[in-house]
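These notes are about the structure you will find just below.
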Amino acid sequence: MTREGTTSASPQVRAADAAPPPASRSVLAQYLALALTWGASFLFIKVALTGLSPVQTVLGRLTLGALTLNAIMLVTRRRWPRQARLWAHLVVVALLLCVVPFLLFAWAGQHIPSGLSSIYNATTPLMTMFVTLAALRQERLGAAGVLGLLLGAAGVVVVLAPWNLTGATGPGWAQAACLGATFCYGLAFAYTRRFVVSYGYDAPTIAAAQISVAALVMLALSPLLAGGPVRLDLPVVASMAALGILGTGLAYIWNTTVIVRWGATAASTVTYLTPLVGVVLGVLVLGEALTWNQPLGAVVVIVGIMTGQGMFSSWSGRRSR
């Protein structure tokens, strides 16, 4: 979240107009890394639940994530926020973006397939759109934004082939828990954009603060909720390390950066790609067959994201020059 682009451009820079600026490429790279990491999270959660309870899984990933981000803060010598009001906002973000949805998804993961969890996770942009339209006047969606969201949703439907999911839906209350989690995500994206970004702290600092707060909340709740047997075999430990260090540590730096640079609604479209990652993992790890609808849906999702970001209009504008 550094302030790129604040220095005046030299004449030599104008020659590079045809290529995306380094800052834009950096944000896109973080967006894609976020999609890969969070897309794999549902598989990791499913494996972790073979040896841990849902609350233990959330406690472990938040603790590992907080340790990772605190190490980054220490090595890079960043200063923690000092404003009491900002810390109050970060408590809200920690609950909405971490504690509550993590618990809901982990609990639901005991009762429904991980692929179905990723289906519901893909509703986050739609939840964010509704919250954003109500709360963020500066992020009113234009026609391209609405069309991009609809195309992305259509692509997810094509990839997931709901006509083939009969008998795999699981209990209704577990599915409702997933929808509750994505609604929390939508609130968190919009809340971060409105109340946290304006303080000017960079992404690692905000991520470290919110994950640390979330970990402290879970540590406070653990004596009451985190009891039960624990079995730590290699798959469980590896899954927890991936969930904590990547999915809850580094990923939240990337997520905060994308929110700041692209906006809340655009950032939330990362969840359109998470089911695609699940499909690839199913093919490579579980030996599942690749059907015609999956690559077709992937193309529709990518087109939707590019449409929502205005990339096609930008390219057509360059050609008309």
Side-chain angles (χ1 to χ4, degrees), residues 30-49 51-75 78 80 90-109 114 117-118 121 124 178 181-182 184-185 188-189 191-192 196 202-222 225-226 232 235-259 267-268 270-271 273-274 277-278 281:
Q30 292 178 70
Y31 176 87
L32 294 176
L34 191 61
L36 290 172
T37 301
W38 280 352
S41 292
F42 296 99
L43 174 63
F44 297 143
I45 290 171
K46 200 72 174 179
V47 174
L49 288 172
L52 302 170
S53 70
V55 177
Q56 291 167 350
T57 300
V58 176
L59 173 63
R61 70 179 296 186
L62 285 173
T63 301
L64 289 171
L67 290 174
T68 301
L69 292 168
N70 275 264
I72 292 173
M73 291 288 289
L74 180 62
V75 171
R78 283 178 163 84
W80 291 91
L90 289 172
V91 170
V92 176
V93 174
L95 291 173
L96 291 176
L97 197 61
C98 304
V99 175
V100 176
F102 285 3
L103 286 170
L104 289 173
F105 269 125
W107 177 74
S114 61
S117 295
S118 70
N121 190 59
T124 298
C178 293
T182 60
C184 288
Y185 285 148
F189 275 113
Y191 193 95
T192 300
V196 176
D202 64 4
T205 302
I206 294 299
Q210 74 181 39
I211 296 299
S212 296
V213 170
L216 290 174
V217 170
M218 286 306 304
L219 285 170
L221 295 175
S222 61
L225 304 177
L232 296 178
V236 171
V237 171
S239 295
M240 286 305 304
L243 275 175
I245 297 171
L246 294 177
T248 318
L250 297 178
Y252 275 78
I253 296 177
W254 305 330
N255 181 59
T256 305
T257 300
V258 176
I259 290 175
S268 71
V270 71
T271 56
L273 296 179
T274 54
V277 175
L281 288 176

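Between Tyr185 and Asn121, some side-chain heavy-atom pair lies under the 4.5 Å cut-off. By the 4.5 Å heavy-atom criterion applied to side chains, Val55 and Leu221 are not counted as neighbours. Taking 4.5 Å as the limit, some side-chain heavy atom of Leu243 sits within range of a side-chain heavy atom of Ile45. Counting heavy atoms from C-beta outward, Leu96 and Thr192 have side chains that stay 4.5 Å or more apart. Phe105 has its side chain within reach of Thr182: a pair of non-hydrogen atoms, C-beta onward, lies under 4.5 Å apart. No side-chain heavy atom of Val258 sits under 4.5 Å from any side-chain heavy atom of Val270. Within the 4.5 Å cutoff, the side chain of Pro54 has heavy atoms near those of the Leu49 side chain.
The stretch residues 62-75 participates, sequence neighbours left out, in these side-chain hydrogen bond (donor to acceptor under 3.5 Å, both in side chains) pairs: Asn70-Ser212. Evaluation of the side-chain hydrogen bond (donor to acceptor under 3.5 Å, both in side chains) test over residues 96-105, restricted to residues two or more places apart or in two chains, returns none.
Between Trp38 and Phe44, the gap from one ring centroid to the other reaches at least 6.0 Å.
One finds the CD1 atom of Ile259 at 4.0 Å from the CG atom of Asn255 (value rounded to the nearest 0.5 Å). Here the straight-line distance linking atom CG of Leu97 with atom CG of Leu90 works out to 11.0 Å at 0.5 Å rounding. Here the OH-SG distance, from Tyr252 to Cys98, works out to 4.0 Å after rounding to the nearest 0.5 Å. In this structure, CG on Leu36 lies 11.0 Å from OH on Tyr31, to the nearest 0.5 angstrom. Distance OG1/Thr205 to CZ/Arg78: 5.5 Å, rounded to 0.5 Å.
With sequence neighbours excluded, the residues that form a side-chain contact (heavy atoms from CB on, under 4.5 Å) with Leu69 are Ile72, Ala207, Ala208, Ile211, Ile253. Here Trp107 pairs with His111, Trp173 under the ring pair (Phe, Tyr, Trp, His ring centres under 6.0 Å) rule; sequence neighbours left out. Applying the side-chain contact (heavy atoms from CB on, under 4.5 Å) criterion to Leu52, with sequence neighbours excluded, gives Gln56, Thr57, Val230, Leu232, Val236, Met240. Residues passing the side-chain contact (heavy atoms from CB on, under 4.5 Å) test with Val100 are Leu104, Cys184, sequence neighbours excluded.
Among all heavy-atom pairs drawn from Leu34 and Ala251, the shortest one is CD1-O, 3.1 Å.
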